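Quick caveat, the model's predicted, so the values are computed rather than measured. All heavy atoms count here, side chains included; hydrogens, waters and symmetry mates do not.
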Amino acid sequence: MKRIIGLLLSAAVSISSVTAFASGAIPDHRGTSLDNFQIGTEPLGSAVKQYSELFKSAGDQYGVDPNLLAAICMQESSGINWSYREDGTEYPAWGIMQIEYTLEEQFKEFGIDTTGEAWTLQDRLDPEKSIPFAAYLISQSLIKYDCDYVKMIQSYNFGQTVLDRILAATEGDAWLDERKNAAAYATNWQYTTYGDAEYVEHVLRYYHNDIEYIGAKVRVDGKLISFEDQFPIILDDGYTFVPIRGVAEALGADVDWDNENYCAVINKDGSEIILPIGEDYAYVDGEEYYLESESRIINDRTMVPLRFIAEHLDCDVEWDGETRTVLIDT
């Protein structure tokens, strides 16, 4: 069985849990060059900054840098895209004006999945609903475009369908030259030209390292892994916790829930791992093992210390503190 040799992942994480960003850089960005973009040249407005805790909680849950989430919402609601409540009072749209045109059904389903209630267009004016939805949309685009933040931001602006058509018609970074011509790649587009040609530039102006981020990403054999509704996080005790089902299934294991004994059960290649929730021990084929930190439930997902799971699923693991990414080789 492969093991982590000479590397205590927990120690690496505890040192790097809050990574200082280099000037003009996004830590885990890859792909389109950022050389021509000015990053962090404008402050967030107070109307957006007051929701920092909401940006943080939504970002940590969906694996999105909350600073980037705030920057996108700032661009969308910085005195331009204001909407109005039923009583006539103003309210910022928090980055999802497009719900009115293309995402109404998806927003409705997101509400059902997360709260049990179908969200309406009026609900998009509630930051406690619209900001988590924005984080969810961003997380999906980050997976699709493999952490190319420029493409992710522009897909949020154009919609993935339009951006994919632009990318298919161009090569390399030449797609950036086409951002003024989005109408040529869209159907049912209501504008003859696209009005905000520098959307990425506008967003990145507001990107700062002001909100602590405890999220992390996972790559298995180089592939970025998507998680349903809770991404990996680094907790105060310095350990990386991962959703057990998402990681185990990515590694070819089966996961079951034992409700009677309140524990998760992983099976792979005839071996069984039992993880009692809230305890700092686990069982592998009947033998008891000590855990660095107890497993727990976060946002209805079973979260377990990564190092233990990786060791017992026959994997090598490294921690890339600069990009906040767990690298798993099977």
Side-chain angles (χ1 to χ4, degrees), residues 1-18 57 60-63 139 213-321 324-330:
M1 178 178 287
K2 300 176 182 177
R3 297 289 184 182
I4 301 172
I5 301 175
L7 173 65
L8 289 177
L9 184 64
S10 58
V13 170
S14 64
I15 293 172
S16 306
S17 59
V18 180
S57 62
D60 291 341
Q61 180 175 355
Y62 290 101
S139 72
Y213 179 33
I214 64 171
K217 294 182 174 64
V218 174
R219 290 185 181 273
V220 175
D221 296 331
K223 181 181 179 181
L224 191 61
I225 301 302
S226 178
F227 297 89
E228 186 174 354
D229 48 20
Q230 176 60 59
F231 278 65
I233 56 176
I234 302 168
L235 297 184
D236 293 338
D237 54 10
Y239 295 101
T240 302
F241 277 73
V242 296
I244 188 172
R245 183 174 298 277
V247 169
E249 291 182 350
L251 297 176
D254 296 320
V255 181
D256 292 311
W257 173 254
D258 183 344
N259 191 57
E260 181 177 353
N261 296 303
Y262 203 57
C263 62
V265 182
I266 303 174
N267 287 281
K268 183 182 180 184
D269 299 333
S271 183
E272 182 179 71
I273 303 173
I274 299 176
L275 290 140
I277 304 304
E279 304 293 347
D280 61 358
Y281 59 85
Y283 298 97
V284 179
D285 296 330
E287 182 178 353
E288 186 176 75
Y289 285 79
Y290 172 74
L291 298 177
E292 308 100 323
S293 185
E294 70 274 7
S295 56
R296 60 199 74 187
I297 302 292
I298 300 176
N299 289 320
D300 296 325
R301 293 295 166 188
T302 304
M303 305 287 285
V304 297
L306 172 67
R307 184 163 70 91
F308 178 83
I309 297 300
E311 287 181 341
H312 292 279
L313 289 179
D314 195 26
C315 298
D316 287 331
V317 179
E318 292 183 6
W319 166 250
D320 185 339
R324 304 182 63 85
T325 305
V326 177
L327 306 173
I328 302 178
D329 291 327
T330 59

Within a radius of less than 6.0 Å around CG of Asp285, do more than 12 heavy atoms belonging to other residues, nucleotides or ligands occur? yes

Kindly assign one of parallel, tilted or perpendicular to the pair Tyr281 and Tyr283, based on the angle between their ring planes and the thresholds 30° and 60°. perpendicular

Taking all atoms of both residues into account, what is the closest heavy-atom pair of [X] and [Y], and its distance?
X      : Y      : result
Phe231 : Ile225 : CE2-O, 4.2 Å
Pro276 : Ala282 : CD-CA, 4.2 Å
Thr325 : Trp319 : O-CE3, 3.6 Å
Val255 : Ile244 : CG2-O, 4.2 Å

Any donor and acceptor pair, going by atom type alone, linking the side chain of [X] with main-chain N or O of [Y] inside 3.5 Å?
X      : Y      : answer
Ser295 : Asp280 : no
Gln61  : Asp229 : yes
Arg296 : Val304 : no
Arg219 : Ile328 : no

Taking only Lys NZ, Arg NE, NH1 and NH2, and the carboxylate oxygens of Asp or Glu, determine whether Arg301 and Glu228 approach each other closer than 4.0 Å. yes

Side chain to side chain contact (heavy atoms under 4.5 Å, CB included), that's the test. Do Val317 and Asp329 meet it? Break it down for me. CA-CA 6 Å; Val317 179; Asp329 291 327; over 6 Å; no

With side chain to side chain contact (heavy atoms under 4.5 Å, CB included) as the test, would you mind laying out the steps for Tyr62 and Gln230 before giving the verdict? CA-CA 6 Å; Tyr62 290 101; Gln230 176 60 59; over 6 Å; no

Once rounded to the nearest 0.5 Å, what's the spacing between atom OH of Tyr289 and atom CD of Glu311? 9.5 Å

Between Ile277 and Glu279, does the side chain to side chain contact (heavy atoms under 4.5 Å, CB included) criterion hold? Intermediate values first, please. CA-CA 6 Å; Ile277 304 304; Glu279 304 293 347; over 6 Å; no

Give every donor-acceptor pair under 3.5 Å between a side-chain atom in residues 261-270 and any protein atom, sequence neighbours left out.
| unit_1 | atom_1 | unit_2 | atom_2 | d |
| --- | --- | --- | --- | --- |
| Asn261 | ND2 | Asp258 | OD2 | 2.8 |
| Lys268 | NZ | Leu251 | O | 2.9 |

